[in-house]
2 protein chains.
Amino acid sequence: MGNKNVGIKDVALAAGVSVTTVSHVLNEVAYARVRPETKEKVRAAAEQLGYEPNRLAQALRTQRTGMLGLLSEDIATTPHAGRIILGADEAAKARGYNLMILNTSAAATLDSRQADVEALLERRVDGILYATMYHRNVDLPPNLGNVPSVLVDSVSTGGNITAVIPDEESGARTAVSALVEAGHTRIGFLNNTDDVPATHLRLQGFRNTLDEAGLDGGAAPVESASSEVQGGYEAARRILERGAGADVPTALFCYNDRMAMGAYRAAAELGLAIPADLSIVGFDDQQLIAANLYPALTTVALPHYEMGAWAVEQLIDAIEGKTDLALMAAAPTVMDCPLVRRHSVAPPRA
Amino acid sequence: MGNKNVGIKDVALAAGVSVTTVSHVLNEVAYARVRPETKEKVRAAAEQLGYEPNRLAQALRTQRTGMLGLLSEDIATTPHAGRIILGADEAAKARGYNLMILNTSAAATLDSRQADVEALLERRVDGILYATMYHRNVDLPPNLGNVPSVLVDSVSTGGNITAVIPDEESGARTAVSALVEAGHTRIGFLNNTDDVPATHLRLQGFRNTLDEAGLDGGAAPVESASSEVQGGYEAARRILERGAGADVPTALFCYNDRMAMGAYRAAAELGLAIPADLSIVGFDDQQLIAANLYPALTTVALPHYEMGAWAVEQLIDAIEGKTDLALMAAAPTVMDCPLVRRHSVAPPRA
DNA sequence: GGGCGTGGGAGACGGATGGGCAACAAAAAC
DNA sequence: GTTTTTGTTGCCCATCCGTCTCCCACGCCC
């Protein structure tokens, strides 16, 4: 029913007890001794009046808001932020917390980000999640340290805050292994040109996996370009056209799904059928692309949902004193990137 | 600097005045008369101590939280939600409000959505935005009416709440006009099979535009399928293969960008070059697809950002007493869908 | 004595909590 | 078998959280 303005004292009045008692029974205070019948009366009155506690007043008194601040970069431009938010929101909801989300930009000045943190702090959030759009190193506003906080998908340049990131190297290994296991021996890599951790770690995973498979990782073809569709197209053309026919790769590992999309076009132009003539595996599992390409793209998923959920769990544990975040701050927690098998990988032609 | 727990009374102490005075000067209360020098002292003390007001206490006292609740369906699965959130967030921030976002699902029960509204109400948000994933009719939780609220991208089945929706019909006209103006006379429509307003209104816009151009809208080819890539592919094959060669459309208007993506594949398989042999225009302007298809897709953009921003403006105006939402509740506000020209439209072959 | 310029006191707002205070019962003292 | 003593139970009073705001106080000048 509508409650509008029923307060604890209205309930007390209706139940014929004091507000103290109402508070005790509704919060199930352990040390409070209240006769069962009285409890029942109170509950009935509360129910009947449609009483809902005013969280503001509660928070003021208890110094706990039950709100978590989430500062997220570029919510709109990437679906990744959405997955993080979703994971965080569900985990928070499950433990009785709510999220207050502020959007910021990867390009925002430190000052503006500091102001955002300030806004969260004024609202007395119990903890803060700072989520970035992609895995990189960030400068954090210093006031972030005023409440428990954890970094999602990034590592702090300061390095003293708990963080969770995807395991780029192992993700790359997973992707390349899928190709190796399908029987490919000539595998190329379409890499990104940005200087972010993923660029280096995926390359490393690529090389190591080949080496361990007895293929020469150091000699495998790698072409770099911007991590967009156009870049993927260009890099794919270069890699597929270089060298003699016999040296051309029969499989491509792409830095991300957008580049893979470019590779699809390059393959089509060169008359190469996927996966019969060319196998491809991407990275990121961007639904809109990976599932909609034809044939659907086999790719490695970034654990955005899981990172968001994990971060919230840690945060709440810390807030409730079950964990000490400082202990985890030494090194970032890494999370696995699982392979999503679709239809872009097949054995090479005999 | 770090503030931790400096309150108004600390400032008062430091400035040698009463808390009343501090409150007066920091809030620039109009009727309060305070000597300029005193004001200065207070401001200096506040600054020096790094005082930030406790919004909880403020809110408790003033009955205004400065928070807007945003209930959004399926944040993660569509970038649309992201655009709405972004528009809402920026508009809110500009007017000193913050957003509290809760995720819900289009499939969620009325009860669960009601619980979400309840959570927002407990936190005493000043108003609520209810954003849906795509334009349709929704059943709203009844407790939504307890605070000012506006519906984004949907119309309430009850019909008595302010809403803002895209102008589907005019969007379709814009799209089809672009084709007509390029010189096409045989234009087909790949429609959706879902029974949502957009399905009917876009069809209507399609037919009307053709009629007004002297082409026979009623006779124009329309194929319906699921509004995904695969559906688009199938519908496009059907439409491009039916009838004799001379009757085949030279241009396709697609229900959305995903279907357009399917149409691209169909065209490729049939040896039709885009835009030379076949012009295509989509709907939605899903960045990931529209900008990345080759050639890039000309499409109609849904005003998600604008709707989010508009909704927040109305909400805040209502909260601050500048507007009466009830006056606007009679009919939904419709917003324009602008054409985004890229490279998939050209004149038909001579 | 009224007006003006300055500033402070004392409740709210809605709920949480530690310390008490009655009432009654069981145990101990006489 | 009556009193005390010592506990329990069951419940409420008084305060506090941090801020705003109505209303009053004081000094001084006409």
Side-chain angles (χ1 to χ4, degrees), chain A residues 3-43 45-46 49-67 96 121-126, chain B residues 3-43 45-46 49-67 96 118 121-126 146:
Chain A
N3 58 353
K4 221 46 208 166
N5 284 327
V6 334
I8 197 173
K9 66 183 58 146
D10 300 302
V11 178
L13 198 62
V17 299
S18 74
V19 290
T20 302
T21 304
V22 174
S23 176
H24 283 340
V25 357
L26 260 25
N27 294 320
E28 294 173 352
V29 174
Y31 60 80
R33 299 151 307 197
V34 181
R35 218 183 332 167
E37 314 141 48
T38 309
K39 286 187 184 173
E40 221 15 80
K41 259 195 320 194
V42 171
R43 294 222 175 81
L49 269 56
Y51 169 73
E52 297 293 340
N54 182 329
R55 303 275 245 136
L56 292 176
Q58 261 181 190
L60 183 60
R61 184 64 233 261
T62 61
Q63 308 288 11
R64 278 286 183 70
T65 53
M67 290 204 312
L121 258 20
E122 280 182 25
R123 301 230 179 245
R124 299 300 193 268
V125 295
D126 294 335
Chain B
N3 57 356
K4 222 47 211 163
N5 284 327
V6 335
I8 199 174
K9 67 182 58 145
D10 299 303
V11 178
L13 198 62
V17 298
S18 72
V19 290
T20 303
T21 304
V22 174
S23 177
H24 282 339
V25 356
L26 260 25
N27 293 321
E28 295 173 353
V29 174
Y31 60 80
R33 298 148 309 189
V34 181
R35 221 182 330 167
E37 313 139 49
T38 309
K39 286 188 184 175
E40 222 15 81
K41 260 196 319 195
V42 171
R43 294 222 175 80
L49 268 57
Y51 169 74
E52 296 293 339
N54 182 329
R55 303 276 244 136
L56 291 176
Q58 261 181 190
L60 182 60
R61 182 62 234 259
T62 61
Q63 307 286 19
R64 278 286 183 71
T65 53
M67 290 205 312
E118 198 61 56
L121 258 21
E122 280 180 26
R123 302 233 179 243
R124 297 302 192 269
V125 294
D126 293 335
N146 291 3

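Order of the sequence lines sets the chain letters (A, B, ...), proteins ahead of strands, with each chain counted from 1.
- To the nearest 0.5 Å, atoms NZ (B/K9) and OH (B/Y51) are separated by 11.0 Å.
- A distance of 9.5 Å separates CD1 of B/I8 from OG1 of B/T21, quoted to the nearest 0.5 Å.
- Nearest-nucleotide mapping onto DNA chain D: of A/K39 and B/G7, the residue sitting toward the 5' end is A/K39.
- A donor-acceptor pair under 3.5 Å links the side-chain atoms of B/R123 to the main chain of A/T65, judged by distance alone.
- The side chain of B/Y31 contributes an N or O atom lying less than 4.0 Å from OP1 or OP2 of D/dC22.
- To the nearest 0.5 angstrom, A/E52 atom CD is 4.5 Å from B/E122 atom CD.
- Regarding contacts with the backbone of D/dG18, every side-chain N or O of B/Y51 stays at 4.0 angstrom or more from both OP1 and OP2.
- Between B/Q58 atom CD and C/dA12 atom C1' there is a gap of 16 Å when expressed in whole angstrom units.
- Atom NE2 of A/H24 and atom P of D/dC11 are 11 Å apart (whole Å).
- Between the P atom of D/dC17 and the CG atom of B/D10 lies a distance of 11 Å, rounded to the nearest Å.
- Taken from OG1 in A/T38 to CZ in A/R33, the straight-line distance is 13.0 Å, to the nearest 0.5 Å.
- Both B/R33 and B/L56 sit near DNA chain D, but only B/L56 has its closest nucleotide nearer the 5' end.
- Between the side chain of A/N54 and the main chain of A/L56, a donor-acceptor pair closer than 3.5 Å is present.
- Summarising the geometry, the separation between CD on A/Q63 and P on D/dT19 is reported as 11 Å, rounded to the nearest angstrom.
- Going from atom CZ of A/R55 over to atom C1' of C/dG15 covers 13 Å, rounded to whole Å.
- To the nearest angstrom, P of D/dT19 lies 20 Å from CZ of B/R124.
- Distances from the side chain of A/T21 to the nucleotides D/dT19, D/dC12, C/dG8 place D/dC12 closest.
- The base of C/dG9 is paired with the side chain of B/T20 by a donor and an acceptor separated by under 3.5 Å.
- Among the atoms of the strands shown, only primed sugar atoms or phosphate atoms (P, OP1, OP2) are found under 4.0 Å from some heavy atom of A/R35.
- Going from atom CG of A/L60 over to atom C1' of C/dT17 covers 14 Å, rounded to whole Å.
- For the pair A/L13 CG and D/dC12 P, the interatomic distance rounds to 12 Å; values are reported in whole Å.
- The side chain of A/N27 approaches C/dA16 more closely than any other nucleotide in the set C/dG8, C/dA16, D/dT19.
- An angle of 80°, rounded to 10°, separates the two end axes of the helix from C/dG1-D/dC30 to C/dC30-D/dG1, each defined over five pairs.
- Nucleotides of DNA chain C nearest to B/A57 and B/V17 differ in position, and the one nearer the 5' end is that of B/V17.
- How far CD of A/Q63 is from CG of A/D126: 10.0 Å, rounded to the nearest 0.5 Å.
- Taking side-chain N and O atoms only, B/T38 has a distance below 4.0 Å to OP1 or OP2 of C/dG7.
- In summary, the side chains of B/T20 and B/S23 do not present any donor paired with an acceptor at a separation below 3.5 Å, with no hydrogens or angles considered.
- B/S23 comes within 4.0 angstrom of a base, heavy atoms only.
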